[in-house]
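One structure is given below, encoded as structure tokens.
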Protein chains: 2
Amino acid sequence: MRDAYIIGAGQTPFGAMPEESYRSLFTAAYEEAADSVPDGFDDADVDEAVVGSLGVGGRQLGLSGPAATEHAGLHGIPSSRVENACAASGYAVRQAVQAVKSGMADVALGGGVELMTDMSSDVTKYWLGVSGETEWERLTGTTFSGVYAQMASAYMDEYEATPEHLSMVAVKNHENGAKNPKAHLGFECSLEDAVDAPVVADPLNLYHCCPTSDGAAAVLVASEDVVSEYTDDPIRVAGVGAASERVGLFQRDTYTAISSSETAAESAYDQADIEPAELDFAEVHDCFAIAELLAYEDLGFCDRGEAPQLLEEGRTELGGDLPVNASGGLKSKGHPIGATGAGQIAEAFKQLSGKAGDRQVEDANVGLTHNVGGSGGGAVVHILEREVAR
Amino acid sequence: MRDAYIIGAGQTPFGAMPEESYRSLFTAAYEEAADSVPDGFDDADVDEAVVGSLGVGGRQLGLSGPAATEHAGLHGIPSSRVENACAASGYAVRQAVQAVKSGMADVALGGGVELMTDMSSDVTKYWLGVSGETEWERLTGTTFSGVYAQMASAYMDEYEATPEHLSMVAVKNHENGAKNPKAHLGFECSLEDAVDAPVVADPLNLYHCCPTSDGAAAVLVASEDVVSEYTDDPIRVAGVGAASERVGLFQRDTYTAISSSETAAESAYDQADIEPAELDFAEVHDCFAIAELLAYEDLGFCDRGEAPQLLEEGRTELGGDLPVNASGGLKSKGHPIGATGAGQIAEAFKQLSGKAGDRQVEDANVGLTHNVGGSGGGAVVHILEREVAR
């Protein structure tokens, strides 16, 4: 099995851009990725592409992979769309890694795109609804905020956690996002704001929920055989784990852990041969504030029930020992469904390249990204490592 | 790059089964695939799964991969959905092959499913419509039959071909499909029937168009390191090629060739190190009769413009030197979008295993499958070879 490396990554600003198309957004992200390759990059070097997208709105479903890559100037290559709800482009990058490791591609592009703000919120709600368990869960009226609200209630019931802990996630991530020029909600918020916000699905309030965003992200993966043509500072995919879980929450053994995240993380740590304590930073899937608390525990940053303490001690803040969501996370940076997973990897690439500006994590050599589909039906974890220590 | 082998494959009957769900259909196909493994198979051996589906009707979009595989008894493994319009499960099997070649899986499942007959034809038309080029082609009112009708017109204008040649495709494929107990339209038709049928999109008539079907198919792929645990008669994936093309017909250089099919086939032949003349049989993507004529030329079975002659000489009939669509093809066997590509490979597995009953191709040792997305926006070609000659 040969090694795979991230040689470039790009991301559009996340936000409301109803004047754009999935084609224009994906092209912009790809172009930034190509431009970010340290020693230069030629479009003709892309052997294969995988585009993550839920296709919200249904304007182009079939063949949106080839349609997006052709528009980006990549004509003729194998190109397809992968979908795993909100984990679509985390899986797309994983597939690009597989293509490279398989020997079938020397350079593969994994990315994603979603356009969500050019339609009524009822339409968006439908499309997000059919990404949850439809037959047995959605048709009873449960939305994603409702599902995560049940997880939050169960967590607060089981452990020493309060709604204020959920608000602390929002405060931290908005503080980081305010330093990210590409964030959708790039402003700070006070704990008071994040506690007193209107209820969305009790106990979750407005500040406990990520926004609906447009955007795209793209990641270029190269094999060990060609990586030196592109960079002297290779960033290795040290581990990549993925797993599934029952799609309906009601089908599971517990509401206070996401087994797909646990399994994906264990697999990634094993491959990378590192412990969670060795990570310098992480981008985790905080679609709702409770999801970030669960992620701390599912990914092994702390024991079960200890996530609130991690927050209280400020350990996951930008200056802490394990900064989480330096980008602002889904909460502040935004969550264009199909672009989120690749966007996390684009952030990790920036951090590992030392180019993250005001939100740069000091001595960033090993980072983890964690992308979840739905309420945990799918999860994918990447561990990226700089080979040349700074 | 390690070798990949098909160790088992299954397919539900194709047809109108509105009482089924995507879960029940996929499970039935997987169970048949597992049962077909010569030396037995344990569900726990599946390391990874990829499910091809367009998701027609939109009942379960996000996470339909994990939802389908969990129902089939495969809980917890990496599972995702791949979509490339009608080439969805050809790509899904290719991804399973990549997973195995990459070393990330020893056994991977690639399959697909589609449920299309439990909704009004207007809904189906919408979902097929957004699989063609939407922004610039579908919104002007063109349907898939309209797109292929333009290709047929151009072909008859450029070469010595008549509508009767299109009808000869239908006669041949129905004759084969009548021998396939799993065919949707498993009856014979006369040339007269196939010539005098009502027009759908001039010059295409009813017999020049495949039906709208429900169904599922599943293929088990194993690495060279474990294949001997499952079979003494290994069927090697000798070559797998894939390519894309501009999604809109109007964007292309020609209407009488599909460049993605050509490129995918060249790549597969190169890997397998064989010439088209060495094939014992082929399953090609005959969504419309003109597509089978183009396939003969795109796949190198004959030169440009010579496809009608191949038909006239009966060379692609079951007793000919290169039987094409012994299964009945999309025309007679049926075309449940997301299941078609994996269904072709399931047929090839049956043929290479000598278990195709009345439609068995004699001395079947090397076969090709050809799966097209839309009107050629994507294409994928597999070449399968028995290692133990009969």
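Below, read A as the first sequence line, B as the second, and so on, with proteins coming before strands; counting in each chain starts at 1. The structure displayed is predicted, hence computed values, not measured ones.
The candidate with the highest count of non-hydrogen atom pairs below 4.5 Å against chain A, out of B:Val247, B:Val240, B:Val50, B:Val51, is B:Val247. Per-residue heavy-atom pair counts under 4.5 Å with chain A were compared for B:Ala67, B:Gly65, B:Ala99, and the maximum is reached by B:Ala99. Between chain B and the options A:Ser131, A:Ser102, A:Gly378, the largest number of non-hydrogen pairs under 4.5 Å is found for A:Ser102. For the options B:Gly103, B:Ser21, B:Ala242, B:Gly248, heavy-atom pairs under 4.5 Å to chain A are most numerous at B:Ala242. Among the candidates A:Thr69, A:Thr134, A:Val82, A:Leu63, the residue making the largest number of heavy-atom pairs closer than 4.5 Å to chain B is A:Leu63. Counting heavy-atom pairs closer than 4.5 Å to chain B, the top-ranked of the candidates A:His71, A:Arg2, A:Arg94, A:Gln251 is A:Arg94. When each of A:Arg81, A:Met104, A:Lys101, A:Glu48 is scored by its heavy-atom pairs under 4.5 Å with chain B, the top score falls to A:Arg81. Looking only at heavy-atom pairs under 4.5 Å with chain B, the residue among A:Gln98, A:Gln271, A:Gln95 that has the most is A:Gln98. When each of A:Gly76, A:Ala49, A:Ala85 is checked for heavy-atom pairs under 4.5 Å with chain B, A:Gly76 comes out on top. For the set B:Gly129, B:Gly52, B:Ser80, the entry with the most heavy-atom pairs within less than 4.5 Å of chain A is B:Ser80.
A:Glu133 has a carboxylate O that lies under 4.0 Å from a charged side-chain N of B:Arg23, or vice versa, which qualifies the two as a salt bridge.
A cation-pi contact links A:Arg138 to A:Phe144, judged by a cut-off of 6.0 Å to the six-membered ring centre and 45° from its axis.
For chain A, no part of B:Ser267 is nearby; none of its heavy atoms comes within less than 4.5 Å. With a threshold of 4.5 angstrom between heavy atoms, A:Ser260 does not approach chain B through any atom at all. With a 4.5 Å cut-off on non-hydrogen atoms, A:Ser53 does not touch chain B at all. Residue A:Val130 touches chain B through both its backbone and its side chain, counting heavy-atom pairs closer than 4.5 Å. For B:Glu245, the parts lying under 4.5 angstrom from a heavy atom of chain A are both the backbone and the side chain.
In this structure, B:Cys86 SG and B:Leu128 CG are separated by 7.0 Å, a value rounded to the nearest 0.5 Å.
Nearest heavy atoms, A:Leu61 versus B:Trp127: CD1-CZ3, 3.1 Å.
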- Item | Audit row: B:His382, B:His370, ring-ring contact (aromatic ring centres under 6.0 Å, His included) steps and yes/no | CA-CA 7 Å; B:His382 286 83; B:His370 163 245; over 10 Å; no
- Query: Passes side-chain contact (heavy atoms from CB on, under 4.5 Å), B:Ser261 versus B:Val381? Steps please.
  - Reply: CA-CA 8 Å; B:Ser261 293; B:Val381 170; 5.8 Å; no
- Task: Check the pair B:Arg246 / B:Glu137 against salt bridge (Lys or Arg N to Asp or Glu O under 4.0 Å), numbers first and verdict last.
- Result: CA-CA 12 Å; B:Arg246 294 172 181 89; B:Glu137 196 170 68; over 6 Å; no
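Under the 3.5 Å distance criterion, with hydrogens and angles disregarded, a donor-acceptor pair is assigned to the side chains of A:Ser223 and A:Asp106. A side-chain N or O of B:Glu20 and one of B:Ser24 form a donor-acceptor pair less than 3.5 Å apart. Under 3.5 Å, the side chains of B:Tyr91 and B:Asn371 contain no donor-acceptor pair of N or O atoms.
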